[in-house]
S.K.: 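One structure coming up, written as structure tokens, with questions to follow.
Note on naming: letters A, B, ... go to the chains in the order of the sequence lines (proteins, then strands), and numbering restarts at 1 for each one. Because only heavy atoms are used, hydrogens play no part in the values below, and waters and symmetry mates are left out as well, while side chains stay in.
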2 protein chains.
Amino acid sequence: MSSTPERLIETTRELLWERGYVGTSPKAIQQRSGVGQGSMYHHFDGKPDLALAAITRSAEERLTTAEALFGGPGTATERIAGYLRGERDVLKGCPIGGLTQDPEVMGDPALRRPVEETFSTLRARIAGLLGEGVARGEFGAGLDPVTTASTVVAVLQGGYVLARAADSVEPFTEAVDGVLDLLAAHAPAAK
Amino acid sequence: MSSTPERLIETTRELLWERGYVGTSPKAIQQRSGVGQGSMYHHFDGKPDLALAAITRSAEERLTTAEALFGGPGTATERIAGYLRGERDVLKGCPIGGLTQDPEVMGDPALRRPVEETFSTLRARIAGLLGEGVARGEFGAGLDPVTTASTVVAVLQGGYVLARAADSVEPFTEAVDGVLDLLAAHAPAAK
DNA sequence: GTCTATATATAGATAGAC
DNA sequence: GTCTATCTATATATAGAC
């Protein structure tokens with residue numbers, strides 16, 4: 001049995017993912033969650049307040065999932081490949097990345113913060129992994145961990161865009177395979 | 001002097017870019033374009049009809065700009081670098097890629113088609129360039145033109161997402177530099 | 001072609017009873 | 001805590017006069 005606020009947050013997460021912030025109405029949240037209007041406004045100040053709770057949770061979940069992989073065993077290449085290939089619901093897009101398209105989210109500093117932090121944390125974490133990889137001789141010394149980390153995250157986010165445009169997972173898979181091949185070709189052993 | 005339909009289309013293009021389809025109202029189009037309600041509905045059937053004209057034009061413009069670069073002089077690497085580095089308005093995002101986040105656009109086959117075609121054309125064109133590059137010995141024979149082309153387009157689209165999340169062009173620039181470095185490192189001469 | 005009037009539904013809440 | 005009533009503004013048009 002989940003509590004009323006809990007059901008509201010989870011429903012809002014779903015709707016934000018499917019329809020974005022502008023496309024998600026309080027009424028839709030109430031109907032899908034089965035929570036009444038008065039009840040919703042009792043627990044949350046309004047749509048922005050509820051959205052903040054939902055976005056914050058999605059951001060934390062995203063980072064937790066990623067960290068479980070990054071902190072696990074394997075070479076830098078293996079962990080990054082696991083990150084890029086472990087994505088589900090490719091056609092639904094990224095629950096955090098999609099929000100960057102929403103002017104109301106980007107225009108509200110409170111709503112924007114979790115989005116910003118998610119990506120800055122991810123980029124820094126992957127840069128660290130790549131740096132370790134270079135230090136261990138997994139990649140050539142010429143590989144720049146910082147720019148390459150942004151490339152890796154961008155491929156993931158752009159892969160979602162291409163998949164949704166094509167209504168097919170294929171371009172996502174291609175983009176991921178392409179960047180992993182490029183990383184593999186950068187290995188000193190391949191030189 | 002631009003005609004009334006012309007002003008409507010251009011204004012709709014701007015608003016779709018800034019606010020997306022769901023976030024763009026007929027009233028907003030009328031106010032920004034200075035065209036009255038009756039006049040708008042005289043020239044277009046409604047919001048979807050006007051959006052189709054706007055999206056179609058943006059898609060064509062996008063491909064025309066890209067083709068001007070791809071068909072120009074230079075090595076494959078140079079032309080792809082020119083494509084990735086020639087982007088303006090990074091913080092505004094991609095006028096076509098952003099639409100993939102909009103459920104109403106993706107749910108309408110007519111509105112979706114130009115988006116789909118833009119990316120499938122781009123990916124195919126870049127795959128062709130990369131294939132020529134491999135044939136000329138610009139890259140190692142191990143480079144797969146098709147997957148790498150999807151990677152290149154994904155980096156661009158994902159770069160927009162990262163830039164908007166950070167409210168800074170920096171991660172976009174990093175992502176682009178990162179993938180260009182990886183491509184350069186794949187050159188046979190570097191092996 | 002353009003304008004004003006009118007219309008229905010939804011967005012996003014607030015007020016107060018229970 | 002939850003429910004129903006009410007409210008103002010906007011979304012998305014249609015109708016008919018000029």
S.K.: Looking at every non-hydrogen atom in both residues, tell me the closest pair between Gly159(A) and Ala154(B) and how far apart they are.
M.R.: N-CB, 3.7 Å

S.K.: Residues sharing Val22(B)'s hydrophobic cluster, by side-chain heavy-atom contacts under 4.5 Å among ILVMFWY, directly or via others?
M.R.: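 Val22(B) clusters with Val22(A).
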
S.K.: Is there a side-chain contact between Ser39(B) and the phosphate of dC3(C), meaning an N or O under 4.0 Å from OP1 or OP2?
M.R.: no

S.K.: Apply side-chain hydrogen bond (donor to acceptor under 3.5 Å, both in side chains) to Tyr160(B) and list each qualifying residue two or more places apart in sequence or on a separate chain.
M.R.: Arg62(B), Glu87(B)

S.K.: Tracing side-chain links under 4.5 Å among I, L, V, M, F, W and Y, which residues wind up in one group with Trp17(B)?
M.R.: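 Cluster partners of Trp17(B): none, it stands alone.
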
S.K.: Between protein and nucleic acid, restricted to nucleotides 16-18 of chain C and to nitrogen or oxygen atoms under 3.5 Å apart, what atom pairs and distances do you find?
M.R.:
none

S.K.: Can you pull out the residues from residues 19-33 of chain A that lie within a 4.0 Å heavy-atom distance of DNA chain C?
M.R.: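 Nucleic-acid contacts, sorted: Thr24(A), Ser25(A), Pro26(A), Lys27(A).
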
S.K.: Output the rounded distance in Å from CD (Gln37(A)) to P (dT6(D)).
M.R.: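 Value for this atom pair: 13 Å.
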
S.K.: Among Thr118(A), Thr12(A), Leu111(A), which one satisfies side chain to side chain contact (heavy atoms under 4.5 Å, CB included) with Ile55(A)?
M.R.: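 Only one option passes, and that is Leu111(A).
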
S.K.: Which pairs, with at least one residue in residues 90-111 of chain B and sequence neighbours excluded, count as a side chain to side chain donor-acceptor pair (under 3.5 Å)?
M.R.: Arg19(A)-Glu104(B)

S.K.: Got a sec, which residues hit ring pair (Phe, Tyr, Trp, His ring centres under 6.0 Å) with Tyr41(A), two or more places apart in sequence or on another chain?
M.R.: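 Residues passing ring pair (Phe, Tyr, Trp, His ring centres under 6.0 Å) with Tyr41(A): none at all.
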
S.K.: Between Glu10(A) and Arg13(A), is the closest basic N to carboxylate O distance under 4.0 Å?
M.R.: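 Result for this pair is yes, salt bridge flagged.
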
S.K.: Could you tell me the separation between the CD atom of Glu104(A) and the C1' atom of dG12(C), rounded to a whole number of Å?
M.R.: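 Distance check: Glu104(A) CD to dG12(C) C1' gives 12 Å.
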
S.K.: For DNA chain D, which residues of residues 40-51 of chain B approach it to below 4.0 angstrom with any heavy atom?
M.R.: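 Only Tyr41(B), Lys47(B), Pro48(B) qualify.
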
S.K.: How far does CG of Asp49(A) sit from CE of Met40(A), to the nearest 0.5 angstrom?
M.R.: 9.0 Å

S.K.: For residues Asp167(B) and Glu116(A), determine if any side-chain heavy atom of one lies less than 4.5 Å from a side-chain heavy atom of the other.
M.R.: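 Answer no - side chains too far apart.
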
S.K.: Please output the side-chain donor-acceptor pairs of residues 29-38 of chain B that fall under 3.5 Å, not counting sequence neighbours, one pair per line with the distance.
M.R.:
{"unit_1": "Gln30(B)", "atom_1": "NE2", "unit_2": "Pro26(B)", "atom_2": "O", "d": "3.3"}
{"unit_1": "Arg32(B)", "atom_1": "NH1", "unit_2": "Glu14(B)", "atom_2": "OE1", "d": "3.0"}
{"unit_1": "Arg32(B)", "atom_1": "NH1", "unit_2": "Glu18(B)", "atom_2": "OE1", "d": "3.4"}
{"unit_1": "Arg32(B)", "atom_1": "NH1", "unit_2": "Glu18(B)", "atom_2": "OE2", "d": "3.0"}
{"unit_1": "Arg32(B)", "atom_1": "NH2", "unit_2": "Glu18(B)", "atom_2": "OE1", "d": "2.9"}
{"unit_1": "Ser33(B)", "atom_1": "OG", "unit_2": "Ile29(B)", "atom_2": "O", "d": "2.7"}
{"unit_1": "Ser33(B)", "atom_1": "OG", "unit_2": "Gln30(B)", "atom_2": "O", "d": "3.3"}
{"unit_1": "Ser33(B)", "atom_1": "OG", "unit_2": "Val35(B)", "atom_2": "N", "d": "3.2"}

S.K.: Just list the side-chain donor-acceptor pairs under 3.5 Å for residues 131-139 of chain A, sequence neighbours left out, or say none.
M.R.:
{"unit_1": "Glu132(A)", "atom_1": "OE1", "unit_2": "Arg136(A)", "atom_2": "NH2", "d": "3.2"}
{"unit_1": "Glu138(A)", "atom_1": "OE1", "unit_2": "Ala76(A)", "atom_2": "N", "d": "3.2"}
{"unit_1": "Glu138(A)", "atom_1": "OE2", "unit_2": "Ala76(A)", "atom_2": "N", "d": "3.0"}
{"unit_1": "Glu138(A)", "atom_1": "OE2", "unit_2": "Thr77(A)", "atom_2": "N", "d": "2.8"}
{"unit_1": "Glu138(A)", "atom_1": "OE2", "unit_2": "Thr77(A)", "atom_2": "OG1", "d": "2.9"}

S.K.: If you take any heavy atom closer than 4.0 Å to DNA chain C, which residues from residues 9-18 of chain B end up in contact?
M.R.: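 Correct list: empty, so none.
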
S.K.: Taking side chain to side chain donor-acceptor pair (under 3.5 Å) as the cut-off, I'd like each qualifying pair that reaches into residues 145-156 of chain B, sequence neighbours left out, listed once.
M.R.: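 Pairs touching residues 145-156 of chain B that pass the test: Glu174(A)-Ser150(B), Arg123(B)-Ser150(B).
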
